[in-house]
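Each chain gets a letter, A, B and so on, in the order its sequence line appears, and its residues count up from 1.
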Amino acid sequence: MAPPLPMPTPLLANLNPEQLEAVTLPHGSALVLAGAGSGKTRVLTTRIAWLLATGQASPLSVLAVTFTNKAAREMLLRLSTLTPMSVRGMWIGTFHGLCNRMLRAHHRDANLPQLFGILDTADQLSLIKRMYKAHNLDDDRFPPKQLGWFIASAKDAGLRPSAVEAGDEFARRQVEHYALYEAMCQREGVVDFAELLLRSYELLAGNEPIRKHYQRRFSHLLVDEFQDTNVLQYRWLQMLAGTDAAVFAVGDDDQSIYAFRGANAANMQHFERDFGSPTRPVRLIKLEQNYRSHGHILDAANALIRHNRSRLGKELWTSEGKGEPVRAFAAPSDLDEAAFVVDAVKGLTDEGIPLSEVALLYRSNAQSRVLEHALFNAGLPYRVYGGMRFFERAEVKHALAYLRLVASPDDEGAFLRVVNFPPRGIGARSLEQLQDVARGRGTTLWQAACSGAVGGKAGSSLAAFVGVIEKLRSETLALTLPEAVAHVIEGSGLLAHFRAEKDGEDRVDNLEELVNAAQGFVREAEIASDAPMLTDRVDADLPAPTDGQDEGATDPLAAFLAHAALEAGETQEAEGKPALQLMTVHSAKGLEFHTVFVTGLEEGLFPHENSLNEADGPEEERRLMYVALTRARRKLYLTHAQTRMLHGQTRYHVASRFFDEIPRELVQWLSPQRKRFGSIDVDESEWGAIRAAPQATAAAPSWRVGQNVRHAKFGTGVIVDAEGRGSDARVQVNFRESGLKWLALEYAKLDPA
DNA sequence: CAGCGTGCACTTTTT
DNA sequence: GTGCACGCTG
């Protein structure tokens with residue numbers, strides 16, 4: 001195949017040599033190691049546009065997959081400015097969105113009802129609780145959350161219950177619960193997030209005509225944030241790629257921060273083995289030129305990440321100047337830290353830096369409180385990311401539950417959510433009766449309710465509820481989606497209920513907003529891109545994948561419900577007002593700001609204490625820190641506090657090891673000078689030293705974090721953390737043999753080693 | 001059946 | 001410190 005000549009169009013203008021190489025690679029697979037701020041989205045979208053412009057691909061043959069809806073939208077938007085061709089027909093979306101699309105088209109082959117519902121995490125949790133109740137499983141050894149996590153992990157690894165290895169009794173029980181859960185989902189016609197992936201994978205793996213169809217269709221697969229793929233997503237890609245499709249994967253192993261939810265950065269190491277073949281050689285390209293940050297910031301980030309051992313290797317550079325030094329501040333307490341931040345932010349405002357260009361980052365959400373408090377008192381506007389989202393609000397969930405019942409009445413989660421909301425006299429008693437009937441007859445709650453098997457007052461209340469749903473269904477049949485949504489929130493009594501409630505205005509507003517959301521959804525579907533499900537048809541060349549029935553356009557209501565589950569909506573209304581941005585480091589990934597404050601840089605917090613036991617924990621924490629540093633364009637502040645209220649208790653922390661991993665000459669300390677002890681920075685003040693009995697005896701040894709110690713029973717180790725003072729003082733020691741232990745200094749016999 | 005009180009837990013999170 | 005979950009009482 002003769003590679004077409006690159007086009008002399010503006011498409012390729014202003015690309016650096018590496019970007020240009022990546023964009024114009026001849027047919028084959030490519031792994032693009034794209035550092036932070038190296039223009040990876042640009043490369044990805046320009047690659048697609050180039051493939052289209054040179055006729056190597058048609059829109060129909062392109063599949064591009066991302067992790068978040070935001071990234072998918074961004075890709076679509078940029079692509080539409082880069083190519084005159086219609087983006088219609090391309091499969092661009094999240095893994096979950098694309099799998100949903102595939103499963104809707106082949107629901108029979110996937111053994112799902114046409115209008116299958118999608119459970120979000122909260123729905124999944126409540127299903128597990130119902131399952132425990134129904135089977136009288138009230139064992140505290142299996143908390144619902146933990147089982148949910150277990151099931152999701154198993155599915156993410158591609159494992160059905162029969163394939164999970166259960167070594168002990170405990171694991172065996174968990175697998176049994178997993179199997180029960182699956183049966184229950186299947187009976188109710190619902191799938192959870194992980195199931196979308198697994199079902200889609202199994203559909204491809206087990207159905208040759210369908211697999212061949214998609215393999216023939218998609219000659220180009222493009223993957224964003226490849227380092228975040230889990231085992232199942234990787235195998236899904238392999239299945240789709242077959243032996244011929246060109247896979248263009250963009251990722252950064254140094255920004256892999258989602259191992260805790262199954263992301264497997266090792267996928268990058270296997271790429272060459274698994275996506276190469278004689279017809280598609282594998283190329284590796286590194287994008288190391290950074291267009292975001294000034295030199296000192298990059299130097300700091302490079303130095304930090306060099307402390308990780310498992311890396312593919314990459315070093316960011318910039319053609320810009322060194323810029324300002326990284327600034328650091330040691331605060332006596334979390335309150336002082338917040339006060340420092342407030343002061344510094346005021347200074348930035350005076351310099352004319354917009355508040356929306358300043359981010360306050362922290363390791364865990366609990367840390368936002370103190371910062372918010374200080375900002376509020378200072379009258380600085382701010383916005384906190386990561387709270388309740390639109391489609392997760394209770395009143396919206398209720399409205400969606402009515403819609404779900406209208407679409408598929410056997411959805412028991414939806415049934416139980418609204419059967420007595422607004423209250424209609426169907427209490428726990430009546431429901432128990434109903435559940436007994438359903439169980440006895442092997443039917444769903446809905447069928448039992450329809451049968452009239454529950455008599456008396458409860459029976460007539462249930463009949464009334466069934467009547468409401470039936471009425472809503474028949475009345476919305478001929479309506480457009482937004483009309484139907486409006487009708488359901490009205491006819492269900494939800495609107496009246498919240499109007500009557502004293503502080504119900506916000507909820508009423510949200511219900512009305514749901515109608516707008518439906519309107520917006522339909523509008524987007526009409527102009528093509530984001531909601532392809534409405535127009536998606538099984539391609540004509542697919543050899544009889546189903547029993548011959550027309551699988552045409554999916555029901556708009558089902559599509560909207562899928563949209564609500566797959567895209568939870570913005571955290572808050574994006575108010576136009578300029579505001580400081582507060583978020584965890586995780587949610588800052590992919591963003592950039594003029595100025596970044598990384599707060600709470602303390603041993604135990606960041607790196608988080610829980611991570612120290614985990615296999616790849618410390619390195620993942622360091623990658624997280626790397627992500628934090630590389631968010632900053634011009635100014636970077638690193639702060640830590642020596643005392644902090646945590647879980648309602650005052651805790652004492654030493655500065656994070658990450659301070660030591662950034663060369664001193666890059667850092668300007670704004671707080672009094674510090675001294676170094678061992679490998680850990682410790683302040684000279686009284687905070688740094690931990691004494692078992694201060695001033696009690698001259699001989700009382702003093703301990704420092706980072707110090708090597710010996711214990712009669714546990715052997716040798718190193719102090720990694722400390723808390724409490726005087727007779728309460730405790731240190732955490734990482735013992736070579738026995739791992740992490742907290743020891744009370746008053747009792748434990750510790751010797752310097 | 002709803003309202004309130006006590007008790008526990010609590011890293012990170014998208015879909 | 002706060003939110004959530006469960007259980008008791010009116």
Problem - Separation of B:dT14 P from A:Asp224 CG (nearest whole Å) - result: 16 Å
Exercise for the section: Considering only atom C1', compute the distance from B:dT12 to C:dA5 and round it to an integer number of Å. Expected result: 24 Å
Exercise for the section: Please tell me which of the listed nucleotides, B:dT13, C:dG1, B:dT15, lies nearest to the side chain of A:His586? Expected result: B:dT13
Exercise for the section: Could you check whether A:His96 and the base of B:dT15 form a stacked pair, meaning centres closer than 5.5 Å and planes differing by less than 30°? Expected result: no
Practice task
Return no unless some side-chain N or O of A:Asn365 is found under 4.0 Å from OP1 or OP2 of B:dT12.
Solution key: yes
Exercise for the section: Check the pair A:Glu188 / A:Arg130 against side chain to side chain contact (heavy atoms under 4.5 Å, CB included), numbers first and verdict last. Expected result: CA-CA 12 Å; A:Glu188 299 183 17; A:Arg130 277 196 286 125; 3.0 Å; yes
Exercise for the section: Specify the separation, in whole Å, of atom CZ of A:Arg199 and atom C1' of B:dT15. Expected result: 17 Å
Problem - N/O (side chain, A:Asn610) to phosphate O (OP1/OP2, B:dT12) under 4.0 Å - result: no
Exercise for the section: Choose from C:dA5, C:dG1, B:dT15 the nucleotide whose nearest atom is closest to any side-chain atom of A:Phe193. Expected result: B:dT15
Practice task
Please report, rounded to the nearest Å, how far the P atom of B:dT12 is from the CZ atom of A:Arg622.
Solution key: 21 Å
Practice task
Nearest whole angstrom, please: distance from the P of B:dT12 to the OH of A:Tyr385.
Solution key: 18 Å
Practice task
Could you label the plane-to-plane angle of the A:Phe391 and A:Phe560 rings as parallel, tilted or perpendicular, counting under 30° as parallel and over 60° as perpendicular?
Solution key: perpendicular
Exercise for the section: For A:Phe260, report the nucleic acid contact type (base, sugar-phosphate, nothing); a contact means any heavy atom under 4.0 Å. Expected result: base
Practice task
Output yes when at least one side-chain N/O atom of A:Thr121 is less than 4.0 Å from OP1 or OP2 of B:dT13, else no.
Solution key: no
Exercise for the section: Indicate, with a heavy-atom threshold strictly under 4.0 Å, whether A:Tyr258 touches base, sugar-phosphate, or nothing. Expected result: sugar-phosphate
Completion exercise
Rounded to whole Å, the CD-C1' distance (A:Glu225 to B:dT15) equals 14 Å
Handout entry: Between B:dA2 (P) and A:Phe421 (CZ): distance, integer Å
Key = 10 Å
Problem - A:Asn69 side-chain proximity, nearest of B:dT11, C:dG1, B:dT15 - result: B:dT15
Exercise for the section: Ignoring backbone atoms, test whether A:Arg261 places a side-chain nitrogen or oxygen under 4.0 Å from the OP1 or OP2 oxygen of B:dT14. Expected result: no
Handout entry: A:Asp228 bridged to A:Arg261 by N-O distance under 4.0 Å
Key = no
Handout entry: Value in whole Å for how far the P atom of B:dA2 lies from CG of A:Asn420
Key = 7 Å
Practice task
State plainly whether the residues A:Arg160 and A:Glu195 are in salt-bridge range, i.e. N to O under 4.0 Å.
Solution key: yes
Exercise for the section: Inspect the contact between A:Asp192 and A:Arg199 and indicate whether a charged nitrogen and a carboxylate oxygen are less than 4.0 angstrom apart. Expected result: no
Exercise for the section: Between B:dT15, C:dA5, B:dA2, spot the one nearest the side chain of A:Pro423, thanks. Expected result: B:dA2
Exercise for the section: For the pair A:Glu74 and A:Arg78, find out whether any cationic side-chain nitrogen is under 4.0 Å from an anionic carboxylate oxygen. Expected result: yes
Problem - Nearest-nucleotide pick for A:Thr94, side chain only, options being B:dT13, B:dT15, B:dA2 - result: B:dT15
Completion exercise
From NE2 of A:His497 across to C1' of B:dA2 the rounded distance in Å is 12 Å
Handout entry: Listed nucleotide nearest any side-chain atom of A:His647, set B:dT13, C:dA5, B:dC10
Key = B:dC10
